[in-house]
There are 2 protein chains.
Amino acid sequence: MKPKVSAKDVARHVGVSVATVSNVINNVNKKVSEETRQRVLKAIEELHYQPDFTARSLAKGKSNLLGVLLPITQAGDDESLLLKDNPFYAELLSGIEFEAGQRGYDVIITGIRPEQSLKDWVRKRNMDGVIFLGITPEPFLNELKALHIPVVLMDSHPKQGDCHSIGHDDFLAGKLACQYLMARGHQVIGFLSGGIQTSPVNLKRYEGYQEALKEAGLTSRPNLVLEDSVSFEGGYRMGLRIAQEYEKSRKGESVTALFCAADIVAFGAIKALREKRIKVPEEISVVGFDNLKTCDYLIPGLTTVDQGIYHKGVLAAGILVDDIEGKLEACRHIQLPVRIVERDSVCPPREK
Amino acid sequence: MKPKVSAKDVARHVGVSVATVSNVINNVNKKVSEETRQRVLKAIEELHYQPDFTARSLAKGKSNLLGVLLPITQAGDDESLLLKDNPFYAELLSGIEFEAGQRGYDVIITGIRPEQSLKDWVRKRNMDGVIFLGITPEPFLNELKALHIPVVLMDSHPKQGDCHSIGHDDFLAGKLACQYLMARGHQVIGFLSGGIQTSPVNLKRYEGYQEALKEAGLTSRPNLVLEDSVSFEGGYRMGLRIAQEYEKSRKGESVTALFCAADIVAFGAIKALREKRIKVPEEISVVGFDNLKTCDYLIPGLTTVDQGIYHKGVLAAGILVDDIEGKLEACRHIQLPVRIVERDSVCPPREK
DNA sequence: TTGTAGGCGTTATCAT
DNA sequence: ATGATAACGCCTACAA
């Protein structure tokens with residue numbers, strides 16, 4: 001176990017002080033003569049010196065660590081990261097990691113666990129900033145603000161206060177999806193999502209969906225607006241209920257299309273419909289939301305609302321680092337554009 | 001920006017020395033009288049004191065940080081984590097995070113990027129141990145060994161030397177999958193995977209597949225053994241080639257089943273087959289490998305070889321922490337059991 | 001331009 | 001049982 005080489009070793013090797021070594025590393029090129037600078041650099045190379053971030057963190061009060069907070073499965077379960085159940089988080093995390101790496105930061109992840117104080121997690125590692133994925137519990141957020149650490153909220157209500165937020169115009173997106181369906185002749189359109197009142201994102205999408213119907217002189221049917229958990233299983237359960245509605249409805253009055261506020265929900269719903277022998281898209285068309293890679297895997301491919309997940313992750317990390325490094329004046333509230341990605345889960349309605 | 005409370009503050013508040021505070025925190029209950037112990041604990045509570053892991057790392061030479069190294073997309077691409085393309089890594093990472101959290105460690109992730117020295121990444125943060133997901137580049141591995149840090153290799157060749165490894169008996173698994181297909185009447189079975197010679201895992205599965213055929217008195221056809229990247233796209237390309245073979249083969253001699261060495265490959269292959277109007281499973285049955293959640297999303301559901309991904313992650317983190325804490329005598333090489341999970345992508349072959 | 005010295009928050013050693 | 005104090009490796013005034 002050879003002891004790791006420290007700045008002191010480098011200093012001794014060159015015949016200068018540790019301060020000089022430190023200056024070479026930090027002060028881009030001020031304060032140190034070009035000659036000694038080169039000698040120090042050479043020694044660093046030769047000795048394979050690598051500054052210790054732990055010590056540096058302590059001295060500078062800056063860790064170059066970005067905390068990413070991931071939602072976990074609802075209680076009752078084994079309490080694992082939702083990361084494993086919804087590809088959405090993996091894509092996002094991937095984008096975050098990429099940008100963070102580019103800018104010299106490391107990413108550390110954890111689940112948003114209720115019992116444990118999140119603030120402590122952030123404090124004990126002196127994290128420079130954190131990114132919340134998914135819904136952020138209000139109390140945690142307040143804890144964080146007290147720490148005066150840059151925070152980026154993904155997909156939450158824009159008005160969450162003095163943190164950055166990045167999402168999209170969910171109202172518009174919901175409207176867009178619904179209009180897409182109507183443009184293809186659908187009039188009876190169901191809406192499937194997670195809790196509408198508990199999630200501003202779902203609410204906005206719901207309102208957009210409602211608005212689109214209204215503008216077209218249509219109304220939504222309460223029994224076609226379903227809420228359950230944002231998961232495959234939730235989607236499956238809702239799909240089953242839709243299947244029931246479909247079966248018992250009369251000719252010309254049945255659902256012909258579904259707008260699901262998350263791809264993962266659409267996956268579950270489609271599975272349920274198909275098990276009930278209802279054809280997608282021939283009998284019921286489906287539009288999802290997210291544009292996960294998985295949409296391509298399904299047959300038929302899922303037509304959905306793209307929100308550039310990966311890029312969103314990149315952006316989030318970028319903003320966070322910008323703020324950390326003092327390059328930002330005020331809080332940024334970004335609304336990313338969305339667009340419909342057409343695949344094969346939508347077709348014109350057919351008489352029952 | 002209130003300055004964070006340190007051990008010194010606690011000490012002053014109680015009227016003892018920092019050493020005593022430290023002792024209360026670390027030495028379970030030795031060396032400190034029960035009375036002062038309680039007083040210190042009370043102060044910690046009142047002041048919301050939280051030990052600083054950064055400082056602790058420096059002093060103890062232990063960071064309580066676990067590094068997880070994730071493969072990245074092949075060069076040429078935007079060089080992002082494979083995490084975003086294959087749900088496999090998300091499930092694994094989720095398991096790792098869970099167990100790490102339970103045992104008081106934090107997880108820090110990064111892509112295995114060629115240019116950057118991995119060793120430096122590990123050293124600069126004083127990581128206590130690392131877990132490699134996917135294929136591990138040999139040079140990196142050697143760099144790591146020189147650091148004398150516990151390493152867990154996932155799904156690599158068991159003989160990688162003095163690191164822990166965790167995988168399964170891929171030979172048996174391959175054989176199992178192939179036998180499953182043969183038991184349902186298939187005789188002409190294709191094999192789709194990533195590089196067979198470049199990945200011991202694929203090689204073993206391939207050999208198992210060969211062995212099963214051989215034992216049944218069958219032989220594999222070279223034009224049905226395909227290699228491409230382990231990705232949806234790779235699977236898609238191979239599926240296209242299989243479709244070609246299928247079309248040009250004569251009655252009674254065509255492929256009737258495929259064994260894909262990864263679910264993600266199976267997804268791509270199925271997509272290609274279906275686009276070429278070949279029905280799965282009626283015309284070609286498919287067996288995958290991994291048992292990703294996504295297998296359930298597809299229609300038909302993908303019959304596959306389950307390898308308990310999440311649990312594997314939990315185990316990996318467990319072993320790593322055990323080693324870090326000196327609870328392990330020697331290197332552990334674990335072979336997890338596998339089993340077939342039946343869904344709907346396999347049925348008896350049908351005459352063309 | 002370079003070196004000295006104090007400090008970042010903890011732990012560990014050794015007195016008391 | 002408790003307290004001083006020296007590390008840990010680095011940064012940053014300030015002094016030379």
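Quick caveat, the model's predicted, so the values are computed rather than measured. Throughout, a chain's letter reflects where its sequence line sits, starting with A, and its residues are numbered from 1.
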Contacts of type salt bridge (charged side-chain N to carboxylate O under 4.0 Å, His left out), residue [X], not counting sequence neighbours:
X: A:Arg125; answer: B:Asp106
X: B:Asp323; answer: none
X: A:Arg332; answer: none
X: B:Lys60; answer: none

Residues that B:Ser57 engages under side chain to side chain donor-acceptor pair (under 3.5 Å), provided they are two or more places apart |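 Residues passing side chain to side chain donor-acceptor pair (under 3.5 Å) with B:Ser57: none at all.
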
Could you list the residues that satisfy side chain to side chain donor-acceptor pair (under 3.5 Å) with B:Thr20, not counting sequence neighbours?
->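 For B:Thr20, the residues satisfying side chain to side chain donor-acceptor pair (under 3.5 Å) (neighbours in sequence not counted) are B:Ser17.
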
For A:Glu329, enumerate each residue passing the side-chain contact (heavy atoms from CB on, under 4.5 Å) test, keeping only those at least two apart in sequence or located in another chain.
->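 Here no residue qualifies.
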
A:Ile324: what forms a side-chain contact (heavy atoms from CB on, under 4.5 Å) with it, not counting sequence neighbours?
->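 side-chain contact (heavy atoms from CB on, under 4.5 Å) list for A:Ile324, sorted by chain: A:Lys62, A:Leu66, A:Tyr105, A:Asp128, A:Pro150, A:Leu320.
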
Nearest-Å distance, [atom1] ([X]) to [atom2] ([N])?
X: B:Lys62; N: C:dA12; atom1: NZ; atom2: P; answer: 11 Å
X: B:Ile25; N: C:dT10; atom1: CD1; atom2: C1'; answer: 9 Å
X: A:Arg12; N: C:dT4; atom1: CZ; atom2: P; answer: 14 Å
X: B:Leu47; N: C:dG9; atom1: CG; atom2: P; answer: 15 Å
X: B:Gln38; N: D:dA1; atom1: CD; atom2: C1'; answer: 16 Å
X: A:Arg123; N: C:dC8; atom1: CZ; atom2: C1'; answer: 16 Å

Is the distance from OP1 or OP2 of C:dC8 to the nearest side-chain N or O of A:Ser57 less than 4.0 Å?
->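 For C:dC8, OP1/OP2 do not have a side-chain N/O of A:Ser57 under 4.0 Å.
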
Check whether any side-chain N or O of B:Thr20 sits under 4.0 Å from OP1 or OP2 of D:dG3, and answer yes or no.
->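 Yes, such a contact exists.
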
Could I get a table of every N or O pair under 3.5 Å where one atom is in the protein and the other is in nucleotides 6-10 of chain D?
from	atom 1	to	atom 2	distance (Å)
D:dC8	O2	B:Ala59	N	3.3
D:dG9	N2	A:Ala55	O	3.4
D:dC10	OP1	A:Tyr49	OH	2.6
D:dC10	OP1	A:Asp52	N	3.2
D:dC10	OP2	A:Ala7	N	2.6

Between the two ends of the helix from C:dT1-D:dA16 to C:dT16-D:dA1, what is the bend in degrees, rounded to 10 degrees, where each end axis spans five pairs?
->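 Rounded to the nearest 10 degrees, the bend comes out at 40°.
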
Taking NZ, NE, NH1 and NH2 as the nitrogens, is one of them in A:Arg103 or A:Glu325 under 4.0 Å from a carboxylate oxygen of the other?
->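 Yes.
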
Please list every donor-acceptor pair under 3.5 Å in which a side-chain atom of residues 40-48 of chain B meets a protein atom from a residue at least two apart or in another chain.
from	atom 1	to	atom 2	distance (Å)
B:Lys42	NZ	B:Glu46	OE2	3.3

Could you tell me the separation between the CZ atom of A:Phe132 and the CD1 atom of A:Ile112, rounded to the nearest 0.5 Å?
->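 Here the interatomic distance stands at 5.5 Å.
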
Heavy atoms under 4.0 Å, any strand shown: does B:Thr36 hit a base, just sugar-phosphate, or nothing?
->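 Since only primed, P, OP1 and OP2 atoms lie under 4.0 Å of B:Thr36, the category is sugar-phosphate.
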
So what does A:Val16 hit on the nucleic acid, given a heavy-atom distance under 4.0 Å: a base, only sugar-phosphate, or nothing?
->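 Sugar-phosphate, no base atom in range.
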
Just the table, please: protein N/O against nucleotides 13-15 of chain C N/O, every pair under 3.5 Å.
none

